[in-house]
Structure formats: C-alpha cells, structure tokens
Amino acid sequence: MPFHAIHITSREEAQSAPTPITNYALFYNGDYVTNEKMNAKKFIKVANAMVPISHD
C-alpha cells in the first residue's frame, strides 16, 4: 500500500486541511478514514480492512 505523509507546518495549512482534526488524520483514496492515533498493529488492522491482502 503506497503511503504519503503530509506535514502541516502552518496555521493556514491546518485551517485548509480536509479534516477538522489535523493530527493523525488517515485518508484512503481521498476518503477520510479516521483520526485515531495508531500504533503499527492498529494501522495494519485498519489497512487490511480497507485493502484485504490476498494469500494466493
């Protein structure tokens, strides 16, 4: 799964972000998923729910 982080560095960037909570916001294909602070295990669980891994 490709990953792209956006580092918000100003108040103006935060105010124009597509989510009211800019810390830890997670989007997939442009859709808002969650703003939960996640550890690696939680992220993998959320990611697998969005894009199931094939074991073929």
Asks: Over all heavy atoms of both residues, which pair between V33 and F27 is shortest? Give the atoms and the distance, please.
Replies: CG2-C, 4.1 Å
Asks: Between E12 and S16, is any side-chain donor less than 3.5 angstrom from a side-chain acceptor?
Replies: no
Asks: Could you list the residues that satisfy side chain to side chain contact (heavy atoms under 4.5 Å, CB included) with N39, not counting sequence neighbours?
Replies: K41, K42
Asks: Should Y28 and V46 count as side-chain neighbours, where that means a heavy-atom distance under 4.5 Å?
Replies: no
Asks: Could you give the distance from CG (L26) to CZ (F43), rounded to the nearest 0.5 Å?
Replies: 6.0 Å
Asks: Can you see which heavy atom on A17 is nearest to which on I8, and at what distance?
Replies: CB-CD1, 4.3 Å
